[in-house]
Amino acid sequence: MSEPLSTPLSTESTAFRSALEVIRAVEPRIADAIGQEVADQREMLKLIASENYASPATLLAMGNWFSDKYAEGTVGRRFYAGCRNVDTVEALAAEHARELFGAEHAYAQPHSGIDANLVAFWAVLAQRVEAPALERAGVRNVNDLSEADWAELRQAFGNQRMLGMSLDAGGHLTHGFRPNISGKMFDQRSYGTDPVTGLIDYEALRVTAREFKPMIIVAGYSAYPRLVNFRFMREIADEVGATLMVDMAHFAGLVAGKVLTGDFDPVPHAQIVTTTTHKSLRGPRGGMVLCDESLADQVDRGCPMVLGGPLPHVMAAKAVALAEARRPEFRDYARAVVDNARSLAEGLMRRGATLVTGGTDNHLNLIDVASSYGLTGRQAESALLDSGIVTNRNAIPADPNGAWYTSGIRIGTPALTTRGLGATEMDEIAGLIDRVLTTTEPGTTKKGAPSKAQHILDPKIADEISHRATDLLTGFPLYPEIDLG
Ligand code: PLP
C-alpha cells in the first residue's frame with residue numbers, strides 16, 4: 001500500500017516557515033515573538049481604524065538586501081554609488097502611486113506619516129519662503145546667503161501660519177499642535193465642526209481663513225467619520241492665498257479604491273497630498289507625498305531636508321502594495337470597507353448607541369460612550385479589550401473628559417474587511433460591543449473614589465464575548481494560505 005500523500009505546503013507557508021527557522025537559529029525569542037504576533041492577530045477582533053493586514057507579498061518584499069543599501073538622493077541622482085536597483089524600486093513605487101492616484105508627482109521615501117507631513121510642510125516653506133528669499137538675495141543656494149540674510153530667513157520660516165482641523169474634531173497632532181514639531185514650527189489655528197451636526201463647518205472655516213490668512217490649510221483627519229469636500233477647501237485656500245495640503249493617511253485606501261471621487265478625492269484639488277501606506281491602503285508601514293509639478297522639486301528634497309537615507313526595502317514593499325491596490329479587487333475591498341462601517345453604525349445605533357455625527361460615510365465610527373453608556377473612553381477601551389475586541393479611545397468634539405480619558409471609542413473596518421467579514425458579522429460585532437459596554441460600570445480608585453480609568457466588568461461576560469469573537473473569526477482565517485506549523 002502506498003503512503004497517503006500529505007497536502008503540499010503553500011509557497012507562502014514555505015517562505016515564512018523558512019524565514020522563522022533562519023531567525024530562530026540566531027535569536028529564538030524573536031522567532032517566538034513573531035509567531036506569537038501572528039497568532040494574536042489571528043485571534044483578535046481588530047477594530048483599530050488605522051490598522052490593517054498587509055499581504056504576504058508586501059511583507060516578504062520588506063525582508064531582504066535592500067535594507068543594507070544607502071541611497072540618499074532621488075532616482076538617478078544619488079549621493080551614493082551602486083544604487084541602480086534602488087532606483088528601479090523607487091521609480092516603480094512612484095509610478096504605481098502616480099497611476100493609482102492620478103497624481104502629477106509622487107515621492108515614496110517618507111518613513112512614516114509624520115515624515116510625509118514634515119516633507120510637505122518644508123516643501124511649501126521652501127517654495128513660498130525660501131525661494132523668494134534666495135531670489136531677492138540673487139543667490140541659488142542657502143549656503144550662499146549672508147549671515148544677516150540667513151538670520152532673516154530663519155525668522156521668516158518660524159513666522160508662518162497654518163490652519164488645521166482641531167484635535168477633538170478629529171484632526172491629527174501633526175497638523176500644527178504644540179506637542180508635535182509642526183506646532184512649534186507654525187503659528188497654528190484650528191477649524192472645527194458644527195456643534196449640532198458634527199460636520200465640518202465650511203463657512204466658519206472660510207471666516208477663520210479670511211481673518212487668519214494662513215500660508216497652509218491642512219485638511220484630513222484621524223477620527224472624522226464623514227466625507228470632506230476638498231473642492232470647497234481648495235476654493236477657501238485660493239481665496240486667502242493658502243496652499244491646500246491634504247493628509248489622507250486614514251482614507252488613502254478609499255481614494256485608491258475609487259470610493260472617494262470628485263469633490264471627495266483630494267488629489268485633483270490639493271497642491272500637496274500626504275499619506276501613510278499602512279492604514280486603509282494595506283501596505284507596509286511608511287509614508288508618501290503626492291503633489292503637482294510646481295512642488296515636485298521641493299518635495300524631492302525631503303532627503304536631506306527632514307529625512308536621512310531612504311528605506312529601499314520598505315519602498316519595495318510600497319511598490320508591491322500599490323500594484324495590488326491597482327487591481328480591480330481593491331475597488332471591491334474599498335467599497336466593502338465603507339459598507340461594513342455603515343453596517344456597524346446601524347447595528348450600534350439600533351441598539352441605542354450614540355455615534356458622533358449620527359453615522360459614517362467612510363471607514364470609521366466614533367461612539368460617544370459617555371452619553372451612550374456612562375463610561376469614559378479609557379474604561380470602554382479596557383472593557384472591550386478584556387472581551388477580545390481591540391479598539392482605541394478617542395476624543396469627541398468638546399470632550400468633557402479631555403484627550404487622555406476621552407469620551408469616545410473609535411472603531412474602523414479596514415482590517416476585518418481584509419479578512420472577509422461582511423454586513424452580518426458587523427451586526428453581530430455591534431451586538432458584542434453593545435453587550436460589553438452596557439454591562440460595564442465605571443470603577444473606583446483603591447481608596448474608593450470615582451476613577452476615570454478603572455472599570456468593572458463581570459469576567460464571565462468578558463470571557464463569553466471573547467470566545468464568541470474568536471469563534472466568529474474562525475470562519476475568516478487570517479492568511480489562510482499560511483500554515484506556520
Ligand atoms: N496623519 C494622520 C491623519 C494620521 O492618522 C497618522 C497616524 O495615526 C499620521 C499622520 C502619522 O502616521 P505615522 O504613525 O506613520 O507617523
Side-chain angles (χ1 to χ4, degrees), residues 74 97 103-134 142 150 153-167 171-191 205 208-209 212-222 228 230 233-234 236-238 240-250 252 266-267 269-277 286-308 310:
T74 47
E104 288 178 16
H105 185 74
Y107 183 62
Q109 289 190 21
H111 310 331
S112 67
I114 181 172
D115 290 355
N117 286 346
L118 274 177
V119 170
F121 294 142
W122 280 101
V124 176
L125 289 171
Q127 182 194 50
R128 298 191 54 170
V129 180
E130 185 177 292
L134 294 181
V142 282
W150 177 232
L153 177 57
R154 287 177 53 238
Q155 289 281 334
F157 282 141
N159 274 328
Q160 304 306 322
R161 295 177 182 161
M162 176 229 276
L163 182 59
M165 191 168 190
S166 72
L167 274 184
H172 192 257
L173 263 179
T174 57
H175 300 177
F177 295 94
R178 290 181 189 180
N180 180 255
I181 181 73
S182 56
K184 298 170 173 62
M185 279 160 53
F186 288 101
D187 176 7
Q188 195 261 23
R189 202 166 294 174
S190 299
Y191 58 89
L205 197 168
T208 309
F212 186 54
K213 297 197 174 31
M215 172 173 279
I216 303 179
I217 296 182
V218 182
Y221 54 79
S222 297
V228 179
F230 299 112
M233 299 287 283
R234 177 62 186 263
I236 297 168
D238 283 349
V240 300
T243 300
L244 177 63
M245 165 176 157
V246 178
D247 176 351
M248 64 170 182
H250 257 263
V267 180
H269 300 291
Q271 286 100 332
I272 190 157
V273 176
T274 59
T275 186
T276 53
T277 45
M288 222 162 50
V289 181
L290 310 173
C291 62
D292 62 22
E293 282 302 342
S294 74
L295 277 161
D297 286 349
Q298 314 288 6
V299 164
D300 279 351
R301 287 185 203 131
C303 163
M305 176 68 95
V306 294
L307 303 172

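Just so you know, residue 1 is the first one in the sequence shown, and it goes up from there. Everything numeric here is computed off the predicted structure, so don't read it as measured data.
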Undergrad: Atom CD1 in Ile236, atom CZ in Arg234: separation rounded to 0.5 Å?
TA: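 Answer for the CD1-CZ pair, Ile236 versus Arg234, is 12.5 Å.
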Undergrad: Which distance, rounded to the nearest 0.5 Å, do you find between the OG of Ser294 and the NE2 of His105?
TA: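 So the gap between those two atoms works out to 11.0 Å.
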Undergrad: Using the rule given for side-chain contact (heavy atoms from CB on, under 4.5 Å), can you reason through His175 versus Asn117, listing the C-alpha separation, both sets of side-chain angles and the distance that settles it, and then say yes or no?
TA: CA-CA 8 Å; His175 300 177; Asn117 286 346; 3.9 Å; yes
Undergrad: Should Gln271 and Val124 count as side-chain neighbours, where that means a heavy-atom distance under 4.5 Å?
TA: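 Side-chain contact under 4.5 Å: no.
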Undergrad: Under the side-chain hydrogen bond (donor to acceptor under 3.5 Å, both in side chains) rule, collect the residues that match up with Ser222, sequence neighbours excluded.
TA: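 In terms of side-chain hydrogen bond (donor to acceptor under 3.5 Å, both in side chains), with neighbours along the sequence ignored, Ser222 is linked to no residue.
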Undergrad: Would you sort out whether Gln188 and Ser182 count as a side-chain contact (heavy atoms from CB on, under 4.5 Å), showing the intermediate values?
TA: CA-CA 9 Å; Gln188 195 261 23; Ser182 56; over 6 Å; no
Undergrad: Sequence neighbours excluded, which residues qualify as ring pair (Phe, Tyr, Trp, His ring centres under 6.0 Å) partners of Tyr191?
TA: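 Per chain and number, Tyr191 pairs via ring pair (Phe, Tyr, Trp, His ring centres under 6.0 Å) with no residue.
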Undergrad: Run through Ile217, Val218, Asp238 and flag the one making a side-chain contact (heavy atoms from CB on, under 4.5 Å) with Met233.
TA: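 Running side-chain contact (heavy atoms from CB on, under 4.5 Å) over Ile217, Val218, Asp238 with Met233 returns exactly one hit, Ile217.
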Undergrad: Knowing that exactly one of Arg178, Arg161, Lys213 qualifies, which makes a salt bridge (charged side-chain N to carboxylate O under 4.0 Å, His left out) with Asp187?
TA: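 Between Asp187 and the candidates, salt bridge (charged side-chain N to carboxylate O under 4.0 Å, His left out) is satisfied uniquely by Arg161.
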Undergrad: Between Val306 and Asp115, is a side-chain contact (heavy atoms from CB on, under 4.5 Å) present by the stated rule, with each step listed?
TA: CA-CA 7 Å; Val306 294; Asp115 290 355; 5.8 Å; no
Undergrad: Of all heavy-atom pairs between Gly241 and Arg128, which one has the smallest distance, and what is that distance?
TA: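 So the two residues come closest at O-NH2, 2.8 Å.
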Undergrad: When you compare the side chains of Asp300 and Thr74, does any donor N or O come within less than 3.5 Å of an acceptor on the partner?
TA: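 Side chains of Asp300 and Thr74: no pair found under 3.5 Å.
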Undergrad: Output all residues satisfying side chain to side chain contact (heavy atoms under 4.5 Å, CB included) with Ala249, sequence neighbours left out; order by chain, then residue number.
TA: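 So Ala249 forms a side chain to side chain contact (heavy atoms under 4.5 Å, CB included) with Asp247, Thr276, Lys279.
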Undergrad: If we only count heavy atoms from C-beta on, is the Phe186 to Ile216 side-chain gap below 4.5 Å?
TA: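 SC-SC contact between Phe186 and Ile216 confirmed.
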Undergrad: Of all heavy-atom pairs between Met185 and Phe121, which one has the smallest distance, and what is that distance?
TA: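 Here Met185 and Phe121 meet closest at CE-CB, 3.9 Å.
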Undergrad: Looking only at non-hydrogen atoms, find the nearest pair between Thr275 and Ala116 and report the distance.
TA: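 Closest approach of Thr275 to Ala116, heavy atoms only: O-CB, 4.0 Å.
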Undergrad: Is there side-chain contact between Pro310 and Tyr107, with heavy atoms separated by less than 4.5 Å?
TA: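 Heavy-atom side-chain distance check fails, nothing below 4.5 Å.
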Undergrad: Can you see which heavy atom on Gln298 is nearest to which on Ala126, and at what distance?
TA: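 Taking every non-hydrogen atom into account, OE1-CB, 3.4 Å.
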Undergrad: About how many Å separate CE of Met248 and CG of Leu290, when rounded to the nearest 0.5 Å?
TA: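 The CE atom of Met248 is 5.0 Å from CG of Leu290, to the nearest 0.5 Å.
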Undergrad: Is there a side-chain contact between Val129 and Met215, using heavy atoms and a 4.5 Å cut-off?
TA: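 The answer is yes; the side chains approach within 4.5 Å.
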Undergrad: Between the side chain of Arg189 and the main-chain N/O of Phe212, is any donor-acceptor distance below 3.5 Å?
TA: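 Such a contact is absent between Arg189 side chain and Phe212 backbone.
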Undergrad: Could you tell me which non-hydrogen atom of Gly308 sits nearest to which non-hydrogen atom of Cys303, and how far apart they are?
TA: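 Closest heavy-atom pair between Gly308 and Cys303: O-SG, 3.4 Å.
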Undergrad: Taking the side chain from Thr277 and the backbone from Gly286, do they hold a donor-acceptor pair closer than 3.5 Å?
TA: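 Indeed, once roles are kept as given, a pair shorter than 3.5 Å links the two residues.
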Undergrad: Quick one: are Ile114 and Leu173 in side-chain contact, heavy atoms under 4.5 Å?
TA: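 Answer no - side chains too far apart.
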Undergrad: Could you tell me the separation between the OG1 atom of Thr243 and the CD atom of Gln160, rounded to the nearest 0.5 Å?
TA: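 Rounded to the nearest 0.5 Å, the OG1-CD separation comes out at 10.5 Å.
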Undergrad: Specify the closest pair of heavy atoms between Ala120 and Thr274, including all atoms of both residues, with the distance to one decimal.
TA: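 Looking at all heavy atoms of both residues, the closest pair is CB-CG2, 3.5 Å.
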Undergrad: Any donor and acceptor pair, going by atom type alone, linking the side chain of Glu104 with main-chain N or O of Glu293 inside 3.5 Å?
TA: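 Looks like yes, one N/O pair under 3.5 Å.
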Undergrad: Apply side-chain contact (heavy atoms from CB on, under 4.5 Å) to the pair His269 and Val246, showing each step before the final yes or no.
TA: CA-CA 9 Å; His269 300 291; Val246 178; over 6 Å; no
Undergrad: How are the rings of Trp150 and Phe157 set relative to one another: parallel (under 30°), tilted (30 to 60°) or perpendicular (over 60°)?
TA: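 Rings of Trp150 and Phe157: perpendicular, as their planes differ by over 60°.
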Undergrad: Please examine the side chains of Glu130 and Leu153, heavy atoms only from C-beta on, and report whether any two atoms are closer than 4.5 Å.
TA: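 SC-SC contact between Leu153 and Glu130 confirmed.
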